[in-house]
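This report refers to the structure that appears directly beneath it.
Every number for a ligand or one of its atoms is a count from 1 in the order of the listing.
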Amino acid sequence: MPSLTVRSSGAADWAALAALYPAAFPDEDLLPLVAALLRQPAEVLSLVACEGEAIVGHALFSVCSIVGSDCSAALLGPLAVTPAAQRKGIGSALIHDGLQRLEAEGVALVCVLGNPAYYGRFGFRAESAVQPPYAPPPESMPPEWQGAWQSLRLPGAEHRNCAGVLTVPPPWRDEVLWLP
Ligand SMILES: CC(C)(COP(=O)(O)OP(=O)(O)OC[C@H]1O[C@@H](n2cnc3c(N)ncnc32)[C@H](O)[C@@H]1OP(=O)(O)O)[C@@H](O)C(=O)NCCC(=O)NCCS
């Protein structure tokens, strides 16, 4: 089996991403979001995982800020691994690589909206001091969404006081993307 590598994505990778997302998310069309984020390269860290030449996974981290705080932050998502290659550590490799790169850039906090059973293994924990840009009222929150809004303080920032509302890049400013 070819070894796994993780690298920054480029324009030539779009065809592979356009095939990867519908396969990984058959019930959700995330390509418009991904395309819009990739059009703002200064605002994203876009990583692809490759087995040989084949792209088998993709992770996006968006540069964010927190209103009323000097904490530098990022939002993880989407994260996609091609179905035939899932549960082989590819998602983990993308996350670990991204977190290392963000730490080197001095980012303090990484947020994610996702399954705590998955993101918890990387150290993400339920976040309440930093709020997502849109949050459904608690009474409309399905039980499986409890704890879905999470964050991770990167090494060196464990004791930083990060609090406030996360400001996300424009492609993320669509309430639908934040609803259960
Ligand atoms: C979720 C996803 C990105 C994980 O990537 P992956 O490469 O399959 O994950 P890994 O192999 O790194 O998984 C590491 C561990 O997490 C577990 N895991 C994988 N997917 C999981 C999930 N959805 N929920 C809980 N645990 C999960 C694996 O069992 C594995 O545990 P193990 O090492 O004890 O076997 C991938 O399954 C995927 O693309 N799914 C469809 C799209 C999606 O849901 N994306 C995330 C939301 S943005």
key: N/O donor-acceptor pair under 3.5 Å between S151 side chain and L109 backbone   = no
Any nitrogen or oxygen of [X], main chain or side chain, under 3.5 Å from a nitrogen or oxygen of ligand 1?
| X | answer |
| --- | --- |
| G89 | yes |
| V81 | yes |
| G91 | yes |
| L79 | yes |

message = Under 4.0 Å, heavy-atom basis, I'd like to know which part of K88 is in contact with ligand 1: side chain, backbone, both or neither.
response =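 K88 to ligand 1: backbone contact only, side chain stays beyond 4.0 Å.
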inquiry  = I need the contact type for N115 against ligand 1. Using non-hydrogen atoms and a strict under-4.0 Å cut-off, is it side chain, backbone, both or neither?
reply    = side chain
ask   = Parallel, tilted or perpendicular: which describes the rings of F25 and Y21, with under 30° parallel and over 60° perpendicular?
value = parallel
request  = Taking atom CD of E158 as the centre, report whether more than 12 heavy atoms of other residues, nucleotides or ligands fall under 6.0 Å from it.
outcome  = yes
query = With the threshold set at 4.0 Å, does a side-chain nitrogen-carboxylate oxygen contact exist between D70 and R160?
reply =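 Looking at D70 and R160, the cut-off is met.
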ask   = Excluding sequence neighbours, so at least two apart, what forms ring pair (Phe, Tyr, Trp, His ring centres under 6.0 Å) with W172?
value =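 By the ring pair (Phe, Tyr, Trp, His ring centres under 6.0 Å) rule, W172 matches W178.
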task = Write out the residue and atom name of the closest protein heavy atom to atom 28 (C) of ligand 1, then the distance separating them to 0.1 Å.
result = R87 NH1, 3.9 Å
key: Options H58, E28, Q86, ranked by nearest heavy atom to atom 40 (N) of ligand 1, top entry   = Q86
message = I'd like to know whether ligand 1 has Y21 as a neighbour, heavy-atom separation below 4.0 Å.
response = no
